[in-house]
Amino acid sequence: MAPTSRNQRQQSRASFHPSNDTATYRDLLLFEERLKTNAAQLQRRKSRYKLFLFHLLIAIAFLLSEVLLQTSFLDIPYTNLLRKVLPDVYGGVENLKPHPYFASGLLFVLVTALLLFFASGMYAEKIAYANRYVPHANKALRNFNMYLNVRRPPLRSTFSISPFSFVFHRPTQSRAPSPTPRPSNAPAPMAPIPPANSPRGELIFSSRVDRGFRESYERYRAAFERKRDGRERDERGKTWTGRIANKMPWNQPPNVPPALAAPSRTASGRGRGSVVGTPLGSRRSSPMPRPGTWDTPAVRTID
């Protein structure tokens with residue numbers, strides 16, 4: 001009797017039963033959308049500044065070839081510019097060479113801009129911070145048994161037939177490799193997290209969270225995303241370009257089975273829209289995971 005009661009107490013401390021009602025789903029969905037919106041905005045800003053940095057490096061490499069290798073590529077845009085600005089003066093001139101210090105001056109300005117880009121902290125703020133946002137968010141979400149999954153499927157899984165498969169053939173393994181022996185006191189390795197279904201990412205939960213709550217919230221989130229996609233399709237359909245885009249195969253709404261319908265309100269929960277009865281002990285706070293005991297985040301029904 002003693003081991004059984006001890007196991008039950010450990011299981012009650014390890015599990016977490018949130019409230020299964022619409023208000024909890026709505027608050028959690030707003031929190032998830034805020035996380036995904038911030039991550040998407042940081043990624044778009046990072047892309048813009050990376051494009052600016054790429055163009056800056058290309059211009060520096062071009063001017064280095066003009067200064068060090070004595071090339072004449074700069075003469076072509078310089079001549080065309082003077083012909084358009086001053087056609088009366090330089091209309092009949094075939095080739096014009098800029099001042100010898102023109103390329104050196106531009107190179108000095110661009111190199112100074114590159115140094116200031118890193119020295120002023122703009123690279124760390126605009127580019128590097130976007131790479132650290134999701135790991136820092138997951139580090140904080142770990143205490144609440146949640147994980148922001150922004151992994152995308154590999155590119156080769158998008159195409160059923162790859163042209164590289166005919167050139168680089170990968171042999172299939174005849175048998176599974178033998179498992180490597182692991183010491184008994186070593187912690188169990190965490191299973192890899194699968195890619196997110198949504199391109200914007202999704203919030204997944206640890207296996208400590210009640211399975212019924214995870215499934216109900218996924219249905220609630222799927223219904224919200226279907227409604228949002230429908231509104232976006234209606235907005236695009238107001239223009240002729242949007243109507244053409246809606247007819248494309250990749251913009252067709254997916255066929256959703258009836259099992260994924262949104263949770264309906266019950267008569268017992270008029271104000272809060274209760275879905276499933278809340279188990280006992282659901283009002284206690286989320287258990288803090290101990291170091292080395294983090295369970296694998298469950299995407300569907302993983303326990």
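We're numbering straight along the sequence, starting at 1.
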Grouping I, L, V, M, F, W and Y whenever their side-chain heavy atoms are under 4.5 Å apart, do [X] and [Y] come out in a common cluster?
{"X": "Val67", "Y": "Ile76", "answer": "no"}
{"X": "Leu106", "Y": "Tyr78", "answer": "no"}
{"X": "Val111", "Y": "Tyr123", "answer": "yes"}
{"X": "Phe102", "Y": "Leu64", "answer": "yes"}
{"X": "Phe52", "Y": "Val109", "answer": "no"}

Provide the closest heavy-atom pair for [X] versus [Y] in the form atom of the first, atom of the second, distance.
{"X": "Ala196", "Y": "Gly201", "answer": "CB-CA, 4.1 Å"}
{"X": "Leu74", "Y": "Glu66", "answer": "N-OE2, 2.9 Å"}
{"X": "Pro195", "Y": "Arg152", "answer": "CB-C, 3.8 Å"}
{"X": "Asp75", "Y": "Pro98", "answer": "OD1-CD, 3.1 Å"}
{"X": "Leu110", "Y": "Ala59", "answer": "CD1-CB, 3.5 Å"}
{"X": "Ala113", "Y": "Leu56", "answer": "C-CD2, 4.3 Å"}

Heavy atoms, side chains only, cut-off 4.5 Å: are [X] and [Y] in contact?
{"X": "Ile58", "Y": "His55", "value": "no"}
{"X": "Asn149", "Y": "Leu203", "value": "no"}
{"X": "Tyr133", "Y": "Leu35", "value": "yes"}
{"X": "Phe31", "Y": "Met146", "value": "yes"}
{"X": "Arg45", "Y": "Tyr129", "value": "yes"}
{"X": "Lys97", "Y": "Ser72", "value": "yes"}
{"X": "Phe62", "Y": "Thr71", "value": "no"}

Please report the interatomic distance [atom1]([X]) to [atom2]([Y]), rounded to the nearest 0.5 Å.
{"X": "Thr22", "Y": "Leu29", "atom1": "OG1", "atom2": "CG", "answer": "11.5 Å"}
{"X": "Leu115", "Y": "Ser120", "atom1": "CG", "atom2": "OG", "answer": "10.5 Å"}
{"X": "Lys46", "Y": "Leu53", "atom1": "NZ", "atom2": "CG", "answer": "12.5 Å"}
{"X": "Gln43", "Y": "Arg200", "atom1": "CD", "atom2": "CZ", "answer": "13.0 Å"}
{"X": "Phe144", "Y": "Leu141", "atom1": "CZ", "atom2": "CG", "answer": "8.0 Å"}
{"X": "Arg231", "Y": "Arg228", "atom1": "CZ", "atom2": "CZ", "answer": "8.0 Å"}

Determine whether a donor-acceptor pair (N or O, by modelled atom type, separation under 3.5 Å) exists between the side chain of [X] and the backbone of [Y].
{"X": "Glu32", "Y": "Glu202", "result": "no"}
{"X": "Arg214", "Y": "Val209", "result": "yes"}
{"X": "Asn138", "Y": "Leu148", "result": "yes"}
{"X": "Thr112", "Y": "Phe108", "result": "yes"}
{"X": "Ser216", "Y": "Phe213", "result": "no"}

Item to check | Partner residues of Arg132 under the side-chain hydrogen bond (donor to acceptor under 3.5 Å, both in side chains) criterion, sequence neighbours left out | outcome: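 For Arg132 there are no side-chain hydrogen bond (donor to acceptor under 3.5 Å, both in side chains) partners, ignoring immediate neighbours.
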
Next on the checklist: So for atom CZ, which belongs to Phe73, do other residues, nucleotides or ligands contribute more than 12 heavy atoms lying within a distance under 6.0 Å?
Outcome noted: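 Atom CZ in Phe73 is not packed in, count stays at 12 or less.
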
Next on the checklist: His99: which residues meet the ring pair (Phe, Tyr, Trp, His ring centres under 6.0 Å) condition with it, sequence neighbours left out?
Outcome noted: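 Here the qualifying residues are Tyr101.
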
Checklist entry - Would you call the rings of Tyr220 and Tyr25 parallel, tilted or perpendicular if under 30° counts as parallel and over 60° as perpendicular? => result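 Ring orientation of Tyr220 relative to Tyr25: tilted.
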
